[in-house]
Amino acid sequence: MTRNKGVISDMDIFFKLEMIANNMSIILNITNKELEHNIYSTKAINNINLLISNLVELNSNIKASLSQYPNDNLTDSLNGLASCFESIISGYELNEDNSIKDIFINRLVPRFKKFYKDLDSYIFKITGVKNAVVTGVNELSINIEKLIDLKKCRIVAFISNDNEMQEKYIKNIPIFTRNELPFVNYDYLIISDYFNCNLEKKVVININDYLKHYSDYEVFRAYYYYFNCKKPIDGFITGLSYAEVGIDVSQLSYNVINAAVSSQDLFYDYQWAKLILNNKKIANNVKFAVIGISYYSFEYDLSKSNLKNRVYGYYPFFKKTRNHPLAKDMVENYIKFEQVASEIFKKDYNIVFYDLLKGNKDTWWNDMISQVMDEKIIEKNKWIVEHDCDKDYPETVKENVGIIREYISLLKLHNITPIIVICPTSKYYYSNFSHRIKKEYENIMNKIKEEFDIEVFDYFASNVFSDKDFYNVSHLNKNGTKKFTELLNKKLIDLCDK
């Protein structure tokens with residue numbers, strides 16, 4: 001709902017009303033149970049006095065909004081609540097035990113529930129802003145407001161069963177227990193931990209589940225680079241991890257987006273190309289596209305690999321998945337999540353997710369590519385070349401040949417020069433690589449070169465690189481990346497200056 005014209009500009013007053021009402025609802029429940037044991041206990045009396053103080057504060061804060069947006073129901077409800085408390089005080093003065101219980105349980109509690117509901121409706125009618133509760137107190141949840149579109153929704157409570165969190169606040173928002181959740185009025189439950197319960201008629205947004213299944217750090221990072229590209233590009237890169245770590249676009253003489261991702265296959269390379277080229281703000285004058293492949297790329301389908309579930313990390317951006325037995329269910333779940341998320345999250349919430357979570361993973365990534373291969377790593381990585389060469393999938397080869405032909409045709413349609421690049425590998429990798437797969441690659445590439453005018457830069461077994469240029473047997477480290485990017489940059493300059 002769009003906010004009405006003339007809405008009170010300061011939303012803090014409405015938020016404060018919500019907080020007071022939340023607090024009163026929970027205290028009412030606690031006091032209700034206490035009265036069953038002893039209506040004269042210090043806890044019961046203190047709670048009743050606290051409820052009266054909250055009602056006075058509530059009444060004081062609501063006057064400004066009621067003067068501008070009158071509501072007879074709320075006014076009558078407040079008067080009715082005040083009357084109940086007056087009767088309860090009188091009951092204590094006259095030692096009327098049954099009267100106190102009857103008024104509290106059968107008059108005050110039902111009236112407050114109605115008031116609380118009416119207050120929420122009143123605030124929403126004026127502001128169009130709904131309420132959300134967040135489960136969990138963690139790095140993600142405490143920054144949740146960065147995801148929320150505050151014109152649509154506000155966080156009114158956090159839920160945690162950690163005893164150390166009880167009666168504390170996160171940025172002025174109270175932390176309640178899970179047992180207190182039923183006494184809080186809210187429209188959305190945002191799950192940022194492993195909260196699990198049956199909540200009928202409540203809209204649940206499970207961001208913990210979303211991040212587990214649909215958030216891939218490297219895919220998100222590539223999209224982040226694309227999303228934040230604000231000026232026209234000269235080229236872009238797709239490919240697997242070899243091009244992802246092996247080409248440093250900051251060293252190139254051109255403005256280039258690197259959309260290579262580890263374990264990425266040709267299907268998703270092609271999706272990146274289409275996404276980038278459909279963005280006319282940055283892609284109107286693209287000169288070249290680097291397609292980073294390996295000799296085994298034509299045999300490789302991510303959706304049929306051990307990492308097949310990574311395909312879902314692409315779905316938020318491409319709305320497509322390559323063949324996968326669980327694709328239908330996973331896609332349906334994502335669509336449900338996205339539909340609800342669009343109601344309260346910022347438009348580009350995936351970018352916010354990446355910003356929130358990248359810190360630790362960026363550190364891990366930097367540490368990995370800064371390593372220098374040694375004997376221990378070489379011994380540990382013997383399995384890599386065997387794994388990469390354990391492929392014999394004729395149907396996948398046929399499908400991938402079709403994909404790269406479509407990819408190159410798209411580039412040609414846009415007058416973009418396709419450049420096939422095979423990044424360097426160490427002698428421990430290339431000397432043990434499958435001759436059959438290499439021959440298969442050469443036969444395919446020769447046919448493609450006959451059909452299309454393309455450039456092929458093959459550094460697979462280049463003697464320019466030594467062991468110290470790799471962090472494992474098949475990937476360049478920072479030092480190797482610097483050397484390789486310098487070589488590639490010279491090739492691009494020669495090519496683009498023809």
Side-chain angles (χ1 to χ4, degrees), residues 219 236-244 259-277 289-315 317-328 330-331 384-414 416-423 425 429-430 433-458 460 474:
V219 178
F236 60 87
I237 301 165
T238 63
L240 301 100
S241 52
Y242 314 110
E244 179 185 24
V261 174
S262 67
S263 305
Q264 187 164 278
D265 60 17
L266 285 166
F267 175 84
Y268 289 105
D269 285 347
Y270 186 30
Q271 304 312 311
W272 280 117
K274 289 190 286 187
L275 179 72
I276 292 169
L277 294 177
V290 172
I291 307 174
I293 65 173
S294 170
Y295 289 160
Y296 65 76
S297 287
F298 295 108
E299 290 274 3
Y300 176 60
D301 177 346
L302 173 59
S303 69
K304 296 177 181 177
S305 74
N306 292 334
L307 299 171
K308 55 182 174 289
N309 287 343
R310 287 191 72 181
V311 301
Y312 302 119
Y314 290 94
Y315 193 81
F317 309 115
F318 301 140
K319 301 299 186 287
K320 287 185 179 181
T321 58
R322 199 169 185 177
N323 306 318
H324 192 294
L326 298 177
K328 184 178 179 182
M330 293 294 286
V331 167
I384 292 179
V385 68
E386 295 175 5
H387 174 268
D388 290 346
C389 295
D390 185 23
K391 295 174 173 62
D392 188 7
Y393 309 113
E395 289 302 313
T396 297
V397 172
K398 183 178 179 181
E399 185 178 353
N400 279 328
V401 169
I403 290 171
I404 200 167
R405 290 183 71 257
E406 289 182 32
Y407 187 172
I408 295 172
S409 295
L410 176 68
L411 298 176
K412 291 290 185 178
L413 182 65
H414 287 80
I416 297 169
T417 301
I419 306 170
I420 303 294
V421 173
I422 294 96
C423 293
T425 61
Y429 187 87
Y430 67 70
F433 197 83
S434 165
H435 293 292
R436 178 191 65 81
I437 293 180
K438 182 179 179 183
K439 188 66 177 176
E440 179 183 71
Y441 158 80
E442 290 171 346
N443 290 336
I444 292 170
M445 194 52 61
N446 286 335
K447 291 179 182 178
I448 290 175
K449 286 194 289 187
E450 285 180 9
E451 183 177 0
F452 301 98
D453 178 21
I454 63 172
E455 297 287 339
V456 179
F457 301 154
D458 190 343
F460 185 72
S474 56

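Of all heavy-atom pairs between I437 and S434, the closest is N-OG, 3.1 Å. Taking all atoms of both residues into account, the shortest heavy-atom contact from S297 to N400 is O-ND2, 3.3 Å. Considering all non-hydrogen atoms of both residues, L266 and I293 come closest at CD2-CG2, 4.0 Å. Nearest approach of A289 to I416, heavy atoms of both residues: N-CG2, 3.6 Å. Nearest heavy atom pair, residue G292 against residue D269, reads O-OD2, 4.3 Å. Closest approach of Q264 to L240, counting heavy atoms only: O-CG, 3.2 Å.
Shown here are the salt bridge (Lys or Arg N to Asp or Glu O under 4.0 Å) partners of E451, two or more places apart in sequence or in another chain: R405. In this view, D392 and R436 satisfy the salt bridge (Lys or Arg N to Asp or Glu O under 4.0 Å) rule, not counting sequence neighbours. Checked against ring pair (Phe, Tyr, Trp, His ring centres under 6.0 Å), Y295 has the following partners two or more places apart in sequence or in another chain: F433, Y441, F460.
Remark: K439 NZ is loosely packed, at most 12 non-hydrogen atoms of other residues, nucleotides or ligands lying under 6.0 Å away. Sparse packing is recorded around NZ of K438, with 12 or fewer heavy atoms of other residues, nucleotides or ligands lying under 6.0 Å away. Counting heavy atoms of neighbouring residues, nucleotides and ligands inside a 6.0 Å radius, atom NZ of K274 exceeds 12 of them. The environment of NZ in K447 is sparse: at most 12 heavy-atom neighbours from other residues, nucleotides or ligands sit within 6.0 Å.
A distance of 11.5 Å separates SG in C389 from CD1 in I384, rounded to the nearest 0.5 Å. Residue L411 holds its CG atom at 10.0 Å from CD1 of I454, rounded to the nearest 0.5 Å. Atom CG of L302 sits about 9.5 Å away from atom CG of N309, to the nearest 0.5 Å. Between atom CD1 of residue I448 and atom CD1 of residue I404 there is a gap of 4.5 Å, rounded to the nearest 0.5 Å. Here the straight-line distance linking atom CD1 of I291 with atom OH of Y270 works out to 11.0 Å at 0.5 Å rounding. To the nearest 0.5 Å, atoms CG (D301) and CD (E395) are separated by 12.0 Å.
Looking at D390, its side chain never comes within 3.5 Å of a backbone N or O of E386 through a donor-acceptor pair. In this structure, the side chain of N446 does not engage the main chain of K449 through any donor-acceptor pair within 3.5 Å.
A donor atom on one side chain and an acceptor atom on the other are found under 3.5 Å apart for T238 and Y407.
Counting only heavy atoms from C-beta outward, the side chains of V311 and F267 never approach each other to under 4.5 Å. Y314 places none of its side-chain heavy atoms less than 4.5 Å from the side chain of Q271. For the pair V290 and F457, the minimum side-chain heavy-atom distance is 4.5 Å or more. You'll find the side chain of Y300 stays beyond 4.5 Å of the side chain of Y393, heavy atoms only. The side-chain heavy atoms of H387 and N306, taken from C-beta on, include a pair separated by under 4.5 Å. Contact of the V397 side chain with the I444 side chain is registered, since non-hydrogen atoms from C-beta on lie closer than 4.5 Å. For the pair F317/V219, a side-chain contact is recorded, criterion being any heavy-atom separation below 4.5 Å from C-beta on.
Ring-plane geometry between Y242 and Y429 is classed as tilted, the angle between the planes lying from 30 to 60 degrees on a 0 to 90 degree scale.
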>> Applying side-chain hydrogen bond (donor to acceptor under 3.5 Å, both in side chains) to S262 and R310, what does each step give before you reach the verdict?
In response: CA-CA 10 Å; S262 67; R310 287 191 72 181; 3.0 Å; yes
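Under a 4.0 Å N-O distance rule, the pair E399/R322 qualifies as a salt bridge.
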